[in-house]
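Have a look at the structure below, then the notes.
In what follows, every heavy atom counts, from backbone to side chain, and hydrogens, waters and symmetry copies are set aside. In what follows, chains are A, B, ... by sequence order, proteins preceding strands, each numbered from 1.
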Amino acid sequence: MAPSTHRAPASDADPAAADSAPAATAPRPGRRAALRHPLVRHGLWAVAALAAVAALTAATGPVTDLRVANVGLHLLAVAGLQFLVGTSGQVSLGHGAFMFVGSYAMALLVVNVPAMPLAAGMAAACAAGCLAGLVVGAATARLHGPYLAGATLMLAVGLPAIALRFPDLLGGANGLAFATIGAPPFLAGAVDDTQWRAIVVWTVALIGLVVLATASAGRLGRHLRALRDDAAAASLSGVPVGRARVTAFVISAGAGSLAGACQAYVLGTATPSTYGLSLSLVLLAALVLGGLGSLWGAFWAALAIVYVEVAGTELAHALDLSTDVRNNLPVVFFGAVLITVVLAWPRGVHGALSALGRHRSTPLKTGDSR
Amino acid sequence: MAADRTAADRTAPGSTAPDRATADRTADPTASALRTEGLTVHYGAVRALDTVDLEVARGAVHAVLGANGAGKTTFLRAASGLHPPRGGRVLLFGEDVTGAPAEELVRRGLLHVPEGGGVLTELTVEENLRLGGLVRRGRAARNAALGEVYDLFEPLRERRTRQASSLSGGERQMLAIGRALMADPRVLLLDEPSLGLAPLITRRIMQLLQDLRARTGLTVVLVEQNARTALRASDRAHVLDQGAVAAEGASADLLGDPRVRAAYLGL
Amino acid sequence: MEHFANLTLNGLATGAVYAALALSLVLIYQATRVLNFAQPAFALVSAYVAYAVTAATGSYWAGFAAALATGALLGAGTERFLVRPLRNASPLSPIIATLGLLMVLQGAVGMVWGNEPLSFAYPLDYRGRFSPADAFALVSVLLVAFGLFALYRFTPAGLRMRAAAIRPEAARLSGVRVGVVLASAWALASAIGALAGMLAAPPFLAPNAFDLIFVFAIAAAVAGGLENPFGAVAGGLAVGVLLSYVTGYAGPELTALAALAVLLTVLALKPDGLFSRAAARKV
């Protein structure tokens, strides 16, 4: 039983492809067919982006390199959240908990298995996150709206406390600290450590983004958008609602934990206080600000998260504000953003999402589900 | 909700003074009970009512007829203050009340019984009635009004502690009208009171309205799809078609006019 | 056995706090179908205001009164300016709006008073197995619960509130000033939330102090059935006692996760909450 008659815009996740012909058409022979495939398209974008990052970090100093790395990992984190909230319509306030999982998975591996290669650590962190996502997704699959938000909020507050419960293993309130691997010896001269870290983070992030974008453009994405807009209708059309929602959680959590692992890698520490409720709220707020409808929103969100903090610090210096004010500026800013966005666009999240869906429609779209 | 008590308060224990007393003092004794001038209502981009002029004399029973979607309910909602009009005026006993919210117009004696009655099914019969009486001042006034409504509607008295959800359709309509009467109405707007009711009960309700009109001078505006019942029960009528007035006149005349009957009333 | 009795009594006292906050969540949800994520922030701001007033006047009870007033004001203001404009918007919008308010208020508190914990007084003597302070918590919350019941059942104001919550349009047609009534419901609920804050704040108040009790209050409110005040109070006390056992036997850090596990179990068995009558309205 095929899902609804309307064709989901294949370019939902990758706006650059919006002006090229839709990828869901029958494959044409030859090289151009290969280029139409979403995975290839996204992969090419990723390679280009990575090259840009490498060029940028080569030209700038360590401080900017660190910020670039931060943007990269937050981009991955928010993209994972976008997949869950924007594409599948499940409002989660617990994304910080998944970053916590990945961060601590990475930290534990580095501390206890020092010889382990970085890629394996990243993969393990991602797997841990996916497992957590599976558990949480399955447990919350039937919850909607405020119930889901409430449950995930409880997760955001409750999960990091595990670090306090097992202080010997997880370092307690101070967390875990470790040395992270710098640039490999054969690049020692050309690439310095901070630049290397930024490139590593962006490589991981872009791989994650390619996966997210491809999933979003494919059948899973179509199913999720259908059940986001009308779960009853989607179910009647044959969409496996429960399974799709859990899959969304798994993928989202995998992305989040991978981002957390990157953060541990960059900072060399993993502390529970980093992953409290505020983080989850800021991630969601930044996503709403950047735009819930597509993965591009995650990019603006990541920029906002990193540079609001930077701007806050500079504002604090310029106006000679106390550290208390400076530390709380991002949270207040993003909270105000949320309020403003919601009051200015009262049709709200779903309205904006549906409107986006309509505007992005391709010429071959047959009949709108709305 | 100021607690200022006027002399009228003590002389008219059943009334909803001071709003009523003030309204009575300033009202024009020659004005019709309810009048709309050029009433225009929009729902978003859709124009639901188009410059409707309508006048209801004091103590009259006035019917508003038309097919489904003609704008009858929209008219009542605009007149009662539930939905602010885009243009035009609403006058209650000569006073311009355009844009005033429904909860304020209730205190001026304009009561609207919506389609289906608008009964709160999670409350008991008595709680529904008491709700209607809250605009009256003083427990004595409210209890007296409650007694009067129970006298009018014995079945409600028998079921006073039952949840409103357990009532039949006819009983719910009685409850809805009873609740409106609790507020001491001068103008009563009824949206399809006969909908889904047996003809016997409908006749009883129409008879009741006539009695109330005779006893208290109550003005009634009746919206109905069942044109014959409404025209038989009313003095004058307006017919709406696609949000505009298509015909108006004495009910007997409309009932006798074959063109009107065929074109608008399906008779 | 004595340990068990101690845990139970302590659990009831802390449970009273969760019950009060859960009650405030349920009252608001009953009235306007909004889960007010900013509720702990109202309680937080109210507690800090109490701190400031007590510091300025030297009177704990002046601070207490100021807290209740602040809570009421925040509640009414939020209903009027944030929630009412969104009443026709998508059901997601009030969630996002109250989350934004939570962030703004919690951040503002951190800006004004800093993140360092402040020493906060108890209403009464806090020493002993079941201290006067504990008794005060339990008694005050139970009084509030009964007071609310009486208000709703027996007074015209309560009738108006119920009508405005059940069918606002029909209530308007009966002359109920629905806007005023709903704002009052939020004010009342938030004052109760402020009471919870005053009971929860001692011994130390910090911007994150109420994150955890919010978690427990959500668990209690949702598990009890979001539209049932009785369920909220019972749920809060039950959560308090349950978590007291968890803490007593397994340490305090896992209480939030335990609460989440309990909540998910309850919802799996009864998706509308333990005490809800089957509500036809879709969440």
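Taking 4.0 Å as the cut-off between side-chain N and carboxylate O, Glu122(B) and Arg162(C) do not count as a salt-bridged pair.
Contact detail for Gly118(B) and Ala170(C): the closest heavy-atom pair is O-CB, 3.3 Å. In this structure, Gly175(C) and Val135(B) approach most closely via the heavy-atom pair CA-CG1, 4.0 Å. In this structure, Arg172(C) and Pro101(B) approach most closely via the heavy-atom pair NH2-CB, 3.8 Å.
By the ring pair (Phe, Tyr, Trp, His ring centres under 6.0 Å) test, His42(B) is found to be paired with no residue, residues two or more places apart in sequence or in another chain being considered.
Here the side chains of Arg77(B) and Glu169(C) are in contact, with some heavy-atom distance below 4.5 Å. At least one side-chain heavy atom of Arg167(C) sits less than 4.5 Å from a side-chain heavy atom of Leu120(B). Side-chain contact between Leu173(C) and Leu111(B) is absent, with no heavy-atom pair separated by less than 4.5 Å. Pro156(C) places none of its side-chain heavy atoms less than 4.5 Å from the side chain of Arg130(B).
Taking a 6.0 Å sphere around OH of Tyr43(B), one finds it holds more than 12 heavy atoms contributed by other residues, nucleotides or ligands.
Within the 4.5 angstrom heavy-atom criterion, only backbone atoms of Val119(B) (N, CA, C, O) approach chain C.
Atom CG in Leu134(B) sits 5.5 Å away from atom CG in Leu159(C) (nearest 0.5 Å).
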